[in-house]
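Below is one structure, written out as structure tokens, with a few remarks after it.
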2 protein chains.
Amino acid sequence: MTTRTEPRPAKLTRKGEQTRMRIVTAAAQLMFDNGVAGTTMEDVKEAAQASSSQLYHYFADKQALVLAVIAYQDETVVGGQEPMLARLDSIEGLRAWCGFLVQHQRDLECRGGCPIGSLGGELAETDPKARVAVSGAFQRWESGIRGGLHAMHERGELAADPEDLALTILAALQGGLLLTQIHRDVRPLEVTLKAMIDHVAAHTAQP
Amino acid sequence: MTTRTEPRPAKLTRKGEQTRMRIVTAAAQLMFDNGVAGTTMEDVKEAAQASSSQLYHYFADKQALVLAVIAYQDETVVGGQEPMLARLDSIEGLRAWCGFLVQHQRDLECRGGCPIGSLGGELAETDPKARVAVSGAFQRWESGIRGGLHAMHERGELAADPEDLALTILAALQGGLLLTQIHRDVRPLEVTLKAMIDHVAAHTAQP
DNA sequence: ATAAAAATGGATTGTCCAATCCAAAAACGG
DNA sequence: CCGTTTTTGGATTGGACAATCCATTTTTAT
């Protein structure tokens, strides 16, 4: 449906699109590394090699930029993961997904947590629009997870409600990521996801 | 063990202790409602009915106040929950705990998330000391949960590793709270905790 | 009771930072 | 090509906010 509450300022040249993208990606990286409050417009300016005029030409204010960053992370994190999510229709698929997530955290040295969840936690109580945007991203993510489980259920391999299960898995993932970030140790994520797989497996049988 | 990295400025009068406490509780409430970045020292001043001198007499800077707030939430949230955690040695105990947490979120209209987890998420990448403090609070929480599970395990009622299980339950709780906060709906917390109880129950048998 | 220590009042300072403004250059469209 | 729109440069402003300072009052301890 893609209902747009705040339509973009209309026309964007190719060059404009590039500049806008440079700003958003720079901001996304900075906000992932240092949080929203820890990222100033000046930081973004420098990292994106842009001027004040450019920043405020493409974004009305910092909040607008934050919303663009959320949309970007939605696309990058959730969208970029959808091919893999499509394969979550078997225990092996779940295991592979889990392994990928754990390894990714290892590569990051457990820094940053979830790009979506962190933004959500920081903004939920201060920026209603941001909260709603993050809510949408989570819905999409949950729906991706649900897809595979639903397929298993249809095939008669899964004797549990795919709806509840998908929500549980996403929650466990978020909690695991948070604990992993706080403790700087992949074990929480690893153990939690493994438990989720076992939980799914407990309701699984070959048809 | 209570190892104190930064000892308090030594002597505190009874009145001083009161003032300090007024400041910490006011700051804790504000930071729960609006986040750390959304809480200014002036906000705290006003809410605590204190002056600048008082704030900076008891706390070297904002970061020191934040650390005090984390310690306070550790004591309040985790410590205040320990009596209930001690009863987590049966499925009924788990269910009661779960019911309490869900009802509490309902009372709060799903606002604020976890007082510890939210602080952790916001500060993890910008304040190393805060990250470590939150890490400690989570350890304590996890250990509380582990207690009951360990008792069940000793009694031969639980055929799973209490260590991993406690960590998983805490992660699920944190993730459930985050999703509940973001979606402004208790369902994620409810469903996720229920799944955890089922997961424990699946490894449970009367001896 | 009195000297020392602690607590408080409240104005002030200096910095950081979001946001604005006035042009000027570049790209687009007919 | 030429008028219009879009993009860019960069200096500036105004406010918010953390933190400091000096003086005064209150409490403690002997």
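Predicted, not measured: the structure shown is a model, and the values here were computed from it. Heavy-atom basis, side chains included; hydrogens, waters and symmetry copies ignored.
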Is any NZ, NE, NH1 or NH2 atom of the basic residue among [X] and [Y] found under 4.0 Å from an Asp or Glu carboxylate oxygen of the other?
X: Arg140(B); Y: Glu75(B); answer: yes
X: Glu190(B); Y: Lys194(B); answer: no
X: Arg111(A); Y: Glu125(B); answer: no
X: Asp164(A); Y: Arg187(B); answer: yes

Protein-nucleotide distance ([X], atom [atom1]; [N], atom [atom2]), rounded to Å:
X: Lys62(B); N: dT20(D); atom1: NZ; atom2: P; answer: 15 Å
X: Leu12(A); N: dT6(D); atom1: CG; atom2: C1'; answer: 9 Å
X: Arg20(A); N: dT8(D); atom1: CZ; atom2: P; answer: 13 Å
X: His57(B); N: dA5(C); atom1: NE2; atom2: P; answer: 13 Å
X: Arg22(B); N: dT8(C); atom1: CZ; atom2: P; answer: 7 Å
X: Leu55(B); N: dA18(D); atom1: CG; atom2: P; answer: 10 Å
X: Asp61(B); N: dC17(D); atom1: CG; atom2: C1'; answer: 14 Å
X: Gln18(B); N: dA6(C); atom1: CD; atom2: C1'; answer: 14 Å

Handout entry: For Leu30(B) against Ala47(B), the heavy-atom pair lying closest together
Key = CD1-CB, 3.9 Å

Fill in the blank from the handout: Of all heavy-atom pairs linking Gly35(B) and Thr39(B), the shortest is O-OG1, 2.7 Å

Exercise for the section: Answer yes or no: does a side-chain N or O of Gln54(A) lie under 4.0 Å from OP1 or OP2 of dT8(D)? Expected result: yes

Exercise for the section: Using only side-chain N and O atoms of Tyr58(B), determine if any of them is under 4.0 Å from OP1 or OP2 of dT8(C). Expected result: yes

Exercise for the section: Encode nucleotides 23-30 of chain C as B, S and - characters from 5' to 3', where the letter depends on protein heavy atoms closer than 4.0 Å: B to the base, S only to sugar-phosphate, - to neither. Expected result: ---SSS--

Problem - Gln49(B) atom CD: more than 12 heavy-atom contacts under 6.0 Å - result: no

Tabulate below the donor-acceptor pairs under 3.5 Å that side-chain atoms of residues 84-101 of chain A make, not counting sequence neighbours, or state none.
| residue | atom | partner | partner atom | Å |
| --- | --- | --- | --- | --- |
| Asp89(A) | OD2 | Arg155(A) | NH2 | 2.9 |
| Ser90(A) | OG | Gly93(A) | N | 3.0 |
| Trp97(A) | NE1 | Gln81(A) | OE1 | 2.8 |

Problem - Within residues 37-52 of chain A, residues whose heavy atoms come under 4.0 Å of DNA chain D - result: Ser51(A), Ser52(A)

Handout entry: Chi angles and distances behind the side-chain contact (heavy atoms from CB on, under 4.5 Å) call for Leu170(B), Ile145(B)
Key = CA-CA 8 Å; Leu170(B) 181 57; Ile145(B) 298 173; 4.1 Å; yes

